[in-house]
Amino acid sequence: MPDLAAPLIEWYRDNARDLPWRRAGFGAWGTLVSEFMLQQTPVSRVIPLLEAWLERWPTPADLAAAPPADAVRHWANLGYPRRALWLHRAAVEIRDRHDGIVPRDVDDLLALTGIGDYTARAVAVFAYGDRHPVVDTNTRRVLARAVDGRSQPGPAAKRDLADMSAILPASVPDAAVVNAAAMELGALVCTARAPRCEACPLSDRCAWRAAGYPDTGDTRVKQARYEGSDRQARGAVLRVLRDAPAHDVASTDVVPDWPDLVQRDRAIDSLVADGLVEAVYGRLRLPR
DNA sequence: CATGCGTGGTT
DNA sequence: TAACCAAGCAT
């Protein structure tokens with residue numbers, strides 16, 4: 001396999017975006033919060049809410065001391081509000097089990113609510129500078145093309161970590177840069193839809209390019225239609241509860257004009273099951 | 001391993 | 001303009 005690390009490091013030095021979580025001294029808590037928010041939400045929508053969040057809750061203990069409802073409310077329209085609940089739970093776990101300090105050990109990080117293979121290693125590498133493979137969807141696409149000669153990556157798999165490890169340099173700081181650079185390249189150049197191969201530092205050693213950009217198929221799962229979905233109904237219910245001035249609404253007054261009231265009630269039930277909503281005496285509210 | 005889970009910008 | 005896409009996770 002050709003060396004991918006050296007050109008990635010050089011390219012990153014000249015092309016990395018100036019993002020808040022890359023500032024010196026941003027802190028492990030800031031990194032952790034940013035990674036939660038970036039799970040499936042674009043950078044441009046995360047930045048303003050991240051900064052407001054960290055001003056309000058500068059440490060894990062600050063968030064842990066707040067009711068979960070505040071976390072869900074301040075998550076605003078970032079989407080997938082379960083992440084707000086999970087981040088709050090993780091803050092409580094960090095306070096109770098780690099003396100309020102974001103853990104550095106990958107297994108300790110993996111044990112926190114809402115943290116999986118990607119986020120655990122992203123915190124260990126980007127906040128603490130340790131040497132681990134960090135694999136997100138951008139990295140998987142870069143490796144699928146440059147190494148495997150495929151047009152799109154397959155579904156995420158455990159194997160991805162070993163594949164990334166195979167291109168990491170021995171130097172600890174260099175390995176961190178390569179992790180960041182692979183993600184950044186996938187975000188800016190080796191994109192899903194219209195890759196800018198003419199601007200790619202790996203073009204002279206890319207297996208997909210060498211093979212003539214074959215369409216090797218796309219096994220990624222398509223997102224279900226949003227319009228009319230239960231997810232849309234859940235979003236509408238939760239929006240009402242987030243914005244309720246009294247923080248408390250009668251069940252029957254939540255999106256009463258929803259076109260399918262069976263679906264609305266199913267959405268409420270599932271939100272209660274997820275812990276995102278509490279039902280008390282026929283009224284609904286965010287969890288305290 | 002497949003599925004469900006928000007929201008809004010881009011093509 | 002409907003479909004696509006976005007630093008995943010738990011179950």
Side-chain angles (χ1 to χ4, degrees), chain A residues 12 16-17 19-22 26 30-50 72 75-90 109-127 132-142 152-161 164 176 179-188 190-195 218-242 263 266-267 269-271 273-277:
Chain A
Y12 187 78
R17 291 168 291 178
L19 298 171
W21 43 90
R22 292 178 179 160
F26 192 68
T31 300
L32 180 59
V33 175
S34 73
E35 295 298 349
F36 264 86
M37 291 185 170
L38 288 163
Q39 292 168 2
Q40 301 284 277
T41 300
V43 166
S44 60
R45 292 178 53 206
V46 162
I47 289 174
L49 275 144
L50 171 66
V72 173
W75 197 258
N77 63 342
L78 279 181
Y80 292 147
R82 293 192 293 194
R83 291 180 294 161
L85 204 56
W86 292 343
L87 177 54
H88 182 271
R89 287 180 193 163
L109 287 161
L110 285 170
L112 299 174
T113 303
I115 293 194
D117 284 330
Y118 165 75
T119 303
R121 290 170 179 79
V123 170
V125 171
F126 301 137
H132 303 281
V134 181
V135 180
D136 77 334
T137 187
N138 292 304
T139 298
R140 294 195 308 105
R141 187 170 53 249
V142 168
Q152 295 289 350
K158 285 293 181 187
R159 176 65 202 276
D160 299 336
L161 293 174
M164 186 60 190
N179 277 311
M183 292 171 61
E184 191 76 341
L185 188 70
L188 299 181
C190 192
T191 52
R193 223 175 323 189
D218 187 350
T219 57
R220 294 174 301 165
V221 292
K222 289 193 188 349
Q223 288 187 29
R225 180 180 181 83
Y226 183 64
E227 192 68 27
S229 69
D230 283 13
R231 290 156 80 166
Q232 186 184 35
R234 283 168 56 106
V237 169
L238 206 61
R239 178 184 296 261
V240 168
L241 296 180
R242 273 202 314 263
Q263 181 185 51
R266 187 167 63 238
D269 288 346
S270 73
L271 288 166
D274 285 351
L276 277 164
V277 169

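Just so it is clear: chains get the letters A, B, ... in the order the sequence lines come, proteins before strands, and each one is counted from 1.
Side chain of A/Q152 to main chain of A/A192: a donor-acceptor pair is present (N/O by atom type, distance under 3.5 Å, no hydrogens or angles). Counting only distance, with no hydrogens or angles, the side chain of A/R45 and the backbone of A/N77 share a donor-acceptor pair below 3.5 Å. A/W86 contributes no side-chain N or O that, together with a main-chain N or O of A/A90, makes up a donor-acceptor pair within less than 3.5 Å. At least one donor-acceptor pair closer than 3.5 Å links the side chain of A/R141 to the backbone N or O of A/C190. Checked by atom type and distance alone, the side chain of A/R83 pairs as donor or acceptor with a backbone atom of A/M37 at under 3.5 Å. The main-chain N or O of A/G228 is found under 3.5 Å from a side-chain atom of A/Q263 such that the two form a donor-acceptor pair.
Both A/R242 and A/A156 sit near DNA chain B, but only A/A156 has its closest nucleotide nearer the 5' end. In terms of position along DNA chain C, the nucleotide closest to A/R141 lies nearer the 5' end than the nucleotide closest to the other residue of the pair A/D117 and A/R141. Between A/R82 and A/Q152, the residue anchored closer to the 5' end of DNA chain C is A/Q152, taking for each the nucleotide with the nearest heavy atom. Nearest-nucleotide assignment on DNA chain B puts the 5′-proximal partner with A/V221, out of A/V221 and A/G235.
The side-chain contact (heavy atoms from CB on, under 4.5 Å) with A/F36 is formed by just one residue from the set A/I115, A/L78, A/T41; it is A/I115.
At the heavy-atom level, A/W21 lies under 4.0 Å from base atoms of the strands shown. Among the atoms of the strands shown, none is found under 4.0 Å from any heavy atom of A/L85. Using a 4.0 Å heavy-atom criterion, one finds that A/A122 contacts no nucleic acid atom at all. Within 4.0 Å (heavy atoms only), A/L78 reaches at least one base atom of the nucleic acid. Within 4.0 Å (heavy atoms only), A/S34 reaches no atom of the nucleic acid at all. A/D274 comes within 4.0 angstrom of nothing in the nucleic acid, heavy atoms only. Within 4.0 Å of A/R220, counting heavy atoms only, lie sugar-phosphate atoms of the nucleic acid but no base atom.
At a cut-off of 3.5 angstrom, counting only N and O atoms as typed in the model, there is no donor on one side facing an acceptor on the other between the side-chain of A/S229 and the base of B/dG4. Remark: the A/R231 side chain and the B/dG4 base include no donor-acceptor N/O pair separated by less than 3.5 Å.
Between the side chains of A/Q39 and A/Y118, no donor-acceptor pair of N or O atoms lies under 3.5 Å.
Comparing the C1' positions of C/dA7 and C/dT11 gives a spacing of 22 Å, expressed to the nearest Å. Rounded to whole Å, the separation between the C1' atoms of B/dG6 and C/dA6 comes to 12 Å. B/dG8 and C/dC9 have their P atoms separated by 23 Å, given to the nearest Å.
Counting 5' to 3', DNA chain C first comes under 4.0 angstrom of a heavy atom of chain A and last does so at the ends given by C/dA3 to C/dA10.
Summarising the local packing, CZ of A/R159 is surrounded by 12 or fewer heavy atoms from other residues, nucleotides or ligands at distances under 6.0 Å.
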Could you pull out the protein-nucleic contacts involving nucleotides 8-10 of chain B (nitrogen or oxygen on both sides, under 3.5 Å)?
residue, atom, partner, partner atom, Å
B/dG8, OP1, A/N77, ND2, 3.0

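Between A/R234 and A/D230, no side-chain nitrogen of the basic residue sits less than 4.0 Å from a carboxylate oxygen of the acidic one, so the salt-bridge criterion is not met.
Rounded to whole Å, atom P of B/dT7 lies 13 Å from atom CD of A/E227. Between the C1' atom of B/dG6 and the CH2 atom of A/W86 lies a distance of 13 Å, rounded to the nearest Å.
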